[in-house]
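Sequence lines set the chain letters: A, B, ... in the order given, protein chains first and strands last, and positions in each chain run from 1. All heavy atoms count here, side chains included; hydrogens, waters and symmetry mates do not.
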Amino acid sequence: MFKSGTIYSNFTPLVKAPVIGYRISGEDVLNILKKITKKNFSRYHSLIRIVKLYQKDNSILDECSVVFFKSPKSFTGEDLCEIFLHGSPLIASQFEQLLKDLKIPGLRLAKNGEFSYRSVLNSKNSLKQAKAINEIISNESFSELEYNKKLLFEGDIVSGLIPLREEIINLFSEITASIDFVDDEDFNFKKMMKKTRKFFTNCNNLLHKNRTNIEQKNICKIMLIGQVNVGKSTLFNKIIDKDRAIVTNIKGTTRDILSNEFFFNSNQFEIYDTAGQRSKQGKIEKYGYKKAQKISNKIDHFFVLIDKNTKKSDISALLRDFTIHKNFSLIETKSDIYKYKTGNIKINHSLERDKIYKKLKLSSIHSKYVKNKHKKTNFNLEEMDFLRRILDYEHDIVNEKDILIIAQLMRNILDDFSFEFGYINNEDVYDRVFSKFCIGK
Amino acid sequence: MEHYDVVVIGAGHAGIEAANISDKYGLKTALITKNYSDLGKLSCNPSIGGVGKTHIASEVDILGGVICKIGDKSAIHYRVLNLSKGPAVWGVRAQIDRDLYSQNMKKFIKSSKIELIEDEVINILEKNNKIIGVELSNTGKIKSKAVILTTGTFLNGKIYFGNESQEAGRIGNSSSKVLAKFINKNFKTMRLKTGTPPRIYAKSINYDVLEPQISENNDIFLSYFTKQNTNKKINCFITKTNNKTHKIIRDNLNKSAMYSGIIKSQGVRYCPSIEDKITKFGDRNGHNIFLEPEGLNSDVVYPNGISNSLDKKTQLKFLRSIKGLEKCEVDQFGYAVEYDSVDPRELKNNFETKKIENFFLAGQINGTTGYEEAAGQGIYAAIHAAIKIKKIKFSTKVFERDNSYIGVLVDDLTKLGVTEPYRMFTSRAENRLKLRTDNSYERFSTIINPKFLNKIEYSLISKNIINEEKILDQLKKLKYSPNDLMKKNIKVKKDGKVRNGFEVLKFLDPSKDKFEKFFNLSITQKLLTKIYFDSKYDVFYEREKKSYDQLNKNKNMNLTNIDFNKIPSLSKEILEKLNKYKPENLHDASKISGITPSALFQIVKHKKARGAKVA
Ligand SMILES: Cc1cc2nc3c(=O)[nH]c(=O)nc-3n(C[C@H](O)[C@H](O)[C@H](O)COP(=O)(O)OP(=O)(O)OC[C@H]3O[C@@H](n4cnc5c(N)ncnc54)[C@H](O)[C@@H]3O)c2cc1C
Ligand SMILES: Nc1nc2c(ncn2[C@@H]2O[C@H](COP(=O)(O)OP(=O)(O)OP(=O)(O)O)[C@@H](O)[C@H]2O)c(=O)[nH]1
Ligand SMILES: [Mg+2]
């Protein structure tokens, strides 16, 4: 086993939530548990125990559930435990302090990705799988997420590139045979080149097909716009369920653009709060407003917030400023104090978050802008890059007449495949040659 | 008791080259062979060269070897394979008159200072794992500083016709059983197999119905130094097997030594027996057979393409089903031979055994097949023996795999071992574009030494090198802008780059007339062909060199003391492979088929955990 200290880190965000999870991994896990729970976990592999956590002065820090995984049957392959604290950032910080106070040599906060890294080191995951884990965390596309999960759970070689690898070995074998075994079969250069072009066409097709799949992000981007003080920031905070934007009664409170992600019905959104519109904008405010306009072409849908103070001309100015055509909803705010007689969506700050989601019709907005979200793909971005690299050879190979140069370039492609999918050596090529062609006298 | 510097055992293609080079280094050399009459015998087909094989042979030639020169002296039919492709893969193939070859070889050995001893070696003498000499059946013991063993297929050799078998290294030669004991006791050996076709009387063949293959004279010879070949040329003929032939063979497969299960060892996939061809590739349109006369005065023909281990009756029957052979008579039936060969990973990089100092192995005993492969090893082993015992200066860099086919062969054998008899293919060389027969003198220029070659040969090489330098100088002085080239009808990118004559050369074609008109310089066709392809492949040389250097960086991570079984994370298949190939370093490990980057990563990690410094 690879020993390099015990590491810990939270694996849920440190925000107010039902629980905050911590993971500890390394050779000192049992020792730590013993010290903070006064219980021995060594026989409790993979069982949930509800225990009390004690601070230095023996006072109780929290009552929480703890799961212990014994090496090597854990994610990292080392001893590992997961602790579910009550979801208060304050408790979390006390917990971290508690760990620090133990003064165990080598116990430290994990670096980014270190758990995955250890899982590779201890062979719980291949490098490729570890990369997949990281990508899952940062995935924006569902099809890619599905693929990375497959890679993670089914092992290394489900890549959609495997058929191409086969194709190139076969092609290279044929070219090899036509050079080294001229006497034995009739090799036709034109036919080989036709197959070669086909190979590149296949690469191209695969790339294009999957590019549209992968680059099709599954995030729906929404921007809140409207006059100053209409209640944009209030809605923004409500939707993301955090106190991120400052809300005041002063007009022009929001100056810079803010954004945040959130999920609703497992649909992913990104929402932008913007500086409000008014005739006399301050310098910074103006700048922020312009900035919002600039990125408006990336926005799928706009919520145009209005209230009793908003004039028709203000609305058309907004629609003009942000070049909006049909992708917007008009939302009347502060319905608790204003009475509206229109058919527009009406909201106010006392409504439940879920109710607001519903009123805003988030689900149907998402499905309107994000299509193809469940198309299967056998690719991730890394593999797309790989394909692009392979396609770099296309021009030189297809236009070359010297078969030796073609073979040399193809060998480079083979080497690229070797690196990603395991070494292809001469013997592998000869295996194909001798099984496909009747070689030798 | 006689004292030698070098004793070479076996006077086949490996042995002769070894003795020759050792003699040229001024070492007192003995060449021991069982039968004087077998000196330089071509055990199988009467031809030298071909794609890949010529490449090794030409390196032997430049190093002062004899196979090409004597081959040219005895050649009675030439062809150049792959002529439509670049010269990097041209393969001269010469049909050889067996008797002439043997006579010429004997003459040559007699003219040298090599002491030829006709006797059987029955033991290798060593003390504290260091060679002291050999023991002969009749002559007794002789002393030697180094011993080079080149006994080919003779160790426990056994030949098979159907289920008939006899102990022999090849037909007519008894196998070496006593010596085999010593080898098997001291080294890891394996059993390999090869085969040979029947020989047919020329007079019994009906040539009238067959298509002839005429000798082509392209002024391309085996040896760089051969100017002409005045031997009479003969024709070869082509015929084919047919469905009737296939049926006969299929019906009698149970009588084939290979298919009945008598022979279990691994044969050569690229020299398949006719049984193999029919089982694996079915009827096709019939399989080609090349009828190659064994000599100008020989009445025997070698039918290339139908080696087999069937019983004699079936052999005759299937032969007579073939067009032109309906009435053929057989001089010698085909057979398969099984023999012991040493796992070449028992050898150090210089072909000295790891266990016994100054004991070198070369030729088919190392798991190879072919005359040229044997010759290359013979010369390689002898050069290293000379380095070892005479402390001569020699830059062994020329034998790296990016510089020579001999280097590729040595690297492949000692690193990866063999699973079937090893034959050279040009595709084994990553640096194929550079490893050409027309530039071997250049690749070996750092070590070419007047001792290896005679005066005429040496001055020929020097003259050619000077001529080439001169013309390259002149070419490089000529400058062309894209505009100049456009005017001359040459399409290049309008990149504003001024190119010199050498860089422009690749846009022309290698025709002497065009060259002379374009550059206003005179040149021989041979030299033009060479520099034309140098110009064309220049970028690839650079690229290959870079990646070779890159790979070499990793070489330092030593894996010899590592127990792969202790790395729990390696899959079973990968463990098997690592244990089988025992890579010495990371670079070698990465070259084993199926080893994945993550497996390499596991190894690095394992080393790291043990405190190794990793880049
Ligand atoms: C039946 C047969 C079929 C083959 N078919 C092919 C083919 O199709 N294609 C191909 O490329 N190659 C073929 N070969 C291989 C080719 O002939 C050999 O690879 C090549 O000749 C090997 O050269 P060598 O110098 O290693 O050994 P050899 O040429 O075999 O020479 C061995 C020498 O060692 C001597 N010797 C052996 N034991 C002793 C001893 N104890 N004491 C003293 N002297 C001893 C022998 O007398 C002989 O002179 C075939 C070989 C055989 C036998
Ligand atoms: N009564 C009532 N007041 C609201 C409601 N929503 C927002 N407000 C108040 O309106 C004021 C402005 O709200 P903000 O959310 O800051 O408005 P804004 O659109 O972000 O304003 P700028 O950033 O200045 O453009 C604050 O005092 C809020 O408390 C609502 O639904 N009902
Ligand atoms: Mg605001």
Check: A:Phe386 ring centroid to A:Phe417 ring centroid under 6.0 Å: yes
Per the salt bridge (Lys or Arg N to Asp or Glu O under 4.0 Å) rule, which among B:Lys506, B:Lys434, B:Arg436 passes with B:Asp534? B:Arg436
Examine whether an atom of A:Leu409 lies under 4.5 Å from a heavy atom of chain B, and if so say whether it belongs to the side chain, the backbone or both; otherwise answer neither. side chain
If you tally heavy-atom pairs under 4.5 Å against chain A, which of B:Leu81, B:Thr426, B:Val51 wins? B:Thr426
Chain A contact via B:Phe533 - which portion, at a heavy-atom distance below 4.5 Å: side chain
What I want to find out is whether B:Asp412 reaches B:Arg401 closely enough, with some N-O distance under 4.0 Å, to be called a salt bridge. yes
Pick from B:Arg93, B:Arg199, B:Arg79: which one makes a salt bridge (Lys or Arg N to Asp or Glu O under 4.0 Å) with B:Glu292? B:Arg93
If I measure from the heavy atoms of chain B, does A:Ile403 come under 4.5 Å with its side chain, its backbone, both, or neither? side chain
Please state whether the side chain, the backbone, both or neither of B:Phe425 comes within less than 4.5 Å of a heavy atom of chain A. both
Per-residue tally against chain B (heavy atom, under 4.5 Å) across A:Ile175, A:Asp402, A:Val182, A:Leu404 peaks at A:Leu404
Most contact-rich option vs chain B, by heavy-atom pairs under 4.5 angstrom, among A:Val429, A:Thr176, A:Asn412, A:Ile405, is A:Ile405
Less than 6.0 Å separating the ring centroids of A:Phe434 and A:Phe181? yes
A:Phe75 ring centre to A:Arg23 NZ or CZ under 6.0 Å, with the angle to the axis within 45°? yes
